[in-house]
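All residue numbers refer to positions in the sequence shown, counting from 1.
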Amino acid sequence: MAEDAKWYVVHTYSGYENAVSAAIMKAAENRRMTDLIKDVSIPMETVTEYTDSGEKTVERKVFPGYVLVKMILTDESWHLIHNVRGATGFVGADGKAIPLTEQEIIDLGVEHREVVIGYQLGDNVMVNDGPLAGFIGVVDELEPDNNRVRVVVSMFGRETPVDLELDQVDVIKE
């Protein structure tokens, strides 16, 4: 298939999220459509609840009544989703499925991407994006989990620490 799979939001009856998720995957396997339906996810969050008996940690659905499906949208995959018991349809204008944007996928934490960093503390790097593009500096701090790197650049004769995203700097080959 030339088209890449995208994440779509499927509306479900309240409380049917797990059943719909399982039914979508089972239907995709039974109909040999696992090449179209790649993954199903129910975003969860860990919450600490305080009750009379003390505090307890529970997993809670971030969006009750919704399931996220990574799929290649075709007539067959659209009908598969619509025929699953408990699923009421896609979220979108006029019943048309609209895929989630890259930023929405990142914000929801649906896909976990491994960040490969080509530099480390003390390396000389060049800023490749933003107002400081072209400046050369030294990596002072790395926070891959937060997509952040602190680079010390020389501006107007002063050493200035600058916080950037990991992909805004390139290592300088020596």
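- Without hydrogens or angle criteria, Thr57 side chain to Thr48 main chain gives no donor-acceptor distance under 3.5 Å.
- A 4.5 Å side-chain heavy-atom check between Gln168 and Val151 finds every atom pair outside the cut-off.
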Exercise. Test Met71 against Ile24 for side chain to side chain contact (heavy atoms under 4.5 Å, CB included), laying out the working first.
Key: CA-CA 11 Å; Met71 60 188 272; Ile24 289 172; over 6 Å; no
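- Side-chain contact between Lys70 and Ser41 is absent, with no heavy atoms from C-beta onward closer than 4.5 Å.
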Practice problem: Mind running side chain to side chain contact (heavy atoms under 4.5 Å, CB included) on Ile72 and Asp35 for me, showing each step along the way? | Solution: CA-CA 8 Å; Ile72 298 171; Asp35 58 328; over 6 Å; no
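- Atom CE in Met126 sits 5.0 Å away from atom CD1 in Ile172 (nearest 0.5 Å).
- Tyr66 has its ring centre less than 6.0 Å from the ring centre of His11.
- From Leu164, atom CG reaches atom CZ of Phe135 across 11.5 Å, with rounding to the nearest 0.5 Å.
- Of all heavy-atom pairs between Glu159 and Val152, the closest is OE1-CG1, 3.2 Å.
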Quiz item: Run the side chain to side chain contact (heavy atoms under 4.5 Å, CB included) check on Trp7 and Asp39 step by step: do they pass?
Solution: CA-CA 9 Å; Trp7 285 98; Asp39 194 10; 3.6 Å; yes
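- Considering CG of Asp129 and CD of Glu165, their distance stands at 8.5 Å, rounded to 0.5 Å.
- Evaluation of the side-chain hydrogen bond (donor to acceptor under 3.5 Å, both in side chains) rule for Glu143 yields Asn146, Arg148 as partners, not counting sequence neighbours.
- The closest donor-acceptor contact from the side chain of Glu55 to the backbone of Glu49 lies at 3.5 Å or more, if one exists at all.
- Residue Val125 is grouped with residue Leu121 when hydrophobic side chains (ILVMFWY) are merged at heavy-atom distances under 4.5 angstrom, including chains of intermediate members.
- Here Arg31 does not pair with Glu76 in a salt bridge; the nearest charged N to carboxylate O distance is not below 4.0 Å.
- By the neighbour-count criterion of 12 heavy atoms within 6.0 Å, atom OH of Tyr119 is densely surrounded, having more than that number from other residues, nucleotides or ligands.
- Closest non-hydrogen pair, Leu80 versus Met33, comes out as CD1-SD, 3.7 Å.
- Ring geometry for Phe90 versus Tyr8: interplanar angle over 60°, hence perpendicular rather than tilted (30 to 60°).
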Exercise. Starting from the C-alpha separation in whole Å, work towards a yes-or-no answer on side chain to side chain contact (heavy atoms under 4.5 Å, CB included) for Lys6 and Leu100.
Key: CA-CA 7 Å; Lys6 295 183 173 95; Leu100 294 174; over 6 Å; no
